[in-house]
Amino acid sequence: MKTVFSPPTPMPPTLPARPAITQSVSWLAGMTPKQFMTRYWQKKPLLIRQAFPDFKPPITIDEVLRLSTSDAAQSRLVRRENSLNRRRADAWTLSHGPFRKRELPKLTDPNWTVLVQQVNTLLPAADKFMDAFRFIPEARLDDLMVSVAGPDGGIGAHTDSYDVFLIQAAGCRRWEISRQFSPEFQEDMPLKILKSFRAQEQWDLNPGDLLYLPPQVAHRGTAIGAGCMTWSIGFRAPSRIALADQAWAQHMDQLLDADWRDPWLGATDHPGEIPERLLSALAEQVLGSFPKADTLRRAIARALSEPAPSAIFIPIAPRPSMKAFVSQASRRGVALSPASRLLYADGLFFMNGEQLQAIQKTAGQRALQRLADHRQLSPAEFKRGSGDAEFVSLLHDMTAAGWIVYH
C-alpha cells in the first residue's frame with residue numbers, strides 16, 4: 001500500500017492561470033502563447049528573466065527531500081565524484097528512492113542532486129502551477145519534476161527527447177547549452193552523460209527565471225551554492241514504437257479470439273512445405289485483426305490518456321449516494337484529481353486509459369469538455385450540465401473512484 005504525501009505548505013493565492021492563446025503574458029516575455037508556439041516551440045531556446053517574479057514555490061526544499069523518502073513518489077539521488085585525473089571522467093552514481101532520511105546528504109554537501117518526478121500528481125498546488133503551460137495540448141504535457149541540489153550538484157551534460165521549461169524556484173543554477181555536440185556518451189556510467197560537451201551559451205538563473213529548451217539541445221545544469229531548487233515542466237514524447245505497442249495492446253484487449261478452422265486442409269507428400277492456401281488464410285486472419293483507422297485513433301487516444309505509472313487514486317469509502325454527490329458538487333464544484341488525464345477527440349472522451357461512456361445531451365458534453373480543458377467545474381458549471389443524467393452518473397462514478405475530487 002503506497003503512502004500518500006501531504007505537504008503542510010498551503011496553496012499560494014497567486015499561482016499563474018492558464019492564458020488565452022492570444023493573451024500577452026509576462027512569463028512568455030510578453031508574447032502570446034500563439035506567438036511562442038510559432039517562434040520557439042521545438043525550434044530554439046528561450047531565456048526569460050523574472051518570468052515569475054516573487055515566485056513562492058508551494059513546496060519547500062525540506063518537503064521535497066521528505067517526499068523522496070515516501071514510496072508515493074518516484075525519486076532519484078545522483079552523486080558525482082570529481083576525478084583527480086584530468087584525463088578521466090568524473091564518476092557518477094545513481095540511486096532510486098524511496099530513501100531513508102539518513103541516506104540523504106546535507107544541503108551544504110557538494111555534488112549531489114535529488115530529483116522527484118510527478119510532483120504535480122501529489123501536490124494540487126503544483127498541478128495548478130502547470131495551468132500556465134496548458135496552452136499546449138494536455139496529451140503532450142507530462143509532469144512537473146522538482147530537483148534539489150547541493151553546491152555543484154547536477155546530472156551532467158545530456159540531451160532530452162522532449163521539450164522542457166526550467167523554472168528556478170530557489171537558489172541559483174548555472175545552465176550551459178550547446179546545439180553542436182558529439183552524441184557519444186561516457187562509458188560505464190549509470191546516466192547518459194555526453195562524452196564531450198562544450199557550451200555555446202551560459203546563464204545563471206535566479207528565482208523566478210525561466211529557460212525553455214526544445215528537444216536535442218545539449219545542456220548542463222549546475223547548482224551555484226546550497227539551497228538550489230529547480231522545477232522542470234516536461235512534455236511527453238512517445239516514441240513511434242512505444243505508442244504503437246500501447247495502441248496495439250489497447251486494440252487487442254477488445255478482440256475476441258476464435259478457434260482456427262481449416263476443414264479444407266488436404267493430405268500432403270511434403271509436410272515441411274506450408275500449403276499456399278493455409279498461408280494465405282492465416283495471413284488474411286492476422287490482417288483482419290489489424291485496427292481500422294477510427295479504431296486505431298481511439299486506441300491511441302486511450303493510450304495518451306494513461307496516467308503516470310506512479311499515479312495513486314483513492315476511492316471514496318463508503319461510496320457516496322447520488323443525492324450526496326449532487327449536493328456536494330452543486331455546492332463546491334468538482335476538479336480532476338491531480339493524477340487524472342481527461343482528453344477528448346472525435347466527439348469521444350478518454351480518461352486514465354479508458355474510453356468513457358457516450359454522453360448524448362449537449363449540456364453534458366459541453367460540461368465534460370470544459371472539465372477536460374480547465375480541469376475543474378465551478379458549482380454553476382456543474383449545475384448547467386446536471387440536467388444530463390448520463391453526465392451526472394459518469395461524474396458520480398469517477399468521483400467514487402477517486403478520479404475526480406470536490407473542488
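Only a predicted model underlies this, so the values are computations on that prediction, with no experimental measurement involved.
- Here the closest heavy-atom approach between residue R341 and residue D142 is recorded as NH2-O, 3.3 Å.
- Between W175 and H219, the ring planes are tilted. Angles from 30° to 60° get that label.
- To the nearest 0.5 angstrom, D245 atom CG is 9.5 Å from I241 atom CD1.
- The residues R375 and E138 are annotated as salt-bridged, a charged nitrogen and a carboxylate oxygen being separated by less than 4.0 angstrom.
- Applying the salt bridge (Lys or Arg N to Asp or Glu O under 4.0 Å) rule to R79 yields no partners; only residues at least two apart in sequence or on another chain are considered.
- Taking the centre of each ring, F129 and F55 come in below the 6.0 Å mark.
- Residue pairs meeting the salt bridge (charged side-chain N to carboxylate O under 4.0 Å, His left out) criterion with at least one partner in residues 25-49, sequence neighbours excluded, are R49-D209.
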Q: Kindly determine whether W260 and D262 satisfy side-chain hydrogen bond (donor to acceptor under 3.5 Å, both in side chains), including the steps that lead there.
A: CA-CA 7 Å; W260 174 251; D262 51 12; 2.8 Å; yes
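- Checked against the 6.0 Å centroid criterion, the rings of F165 and F36 qualify as a close aromatic pair.
- Pairs passing the salt bridge (charged side-chain N to carboxylate O under 4.0 Å, His left out) check and including a residue from residues 263-292, sequence neighbours excluded, do not occur.
- Between F349 and F391, the ring center distance fails the sub-6.0 Å criterion.
- Open room surrounds CD1 on I274; 12 or fewer heavy atoms of other groups in view lie less than 6.0 Å from it.
- Taking all atoms of both residues into account, the shortest heavy-atom contact from L394 to I359 is CD2-CD1, 4.0 Å.
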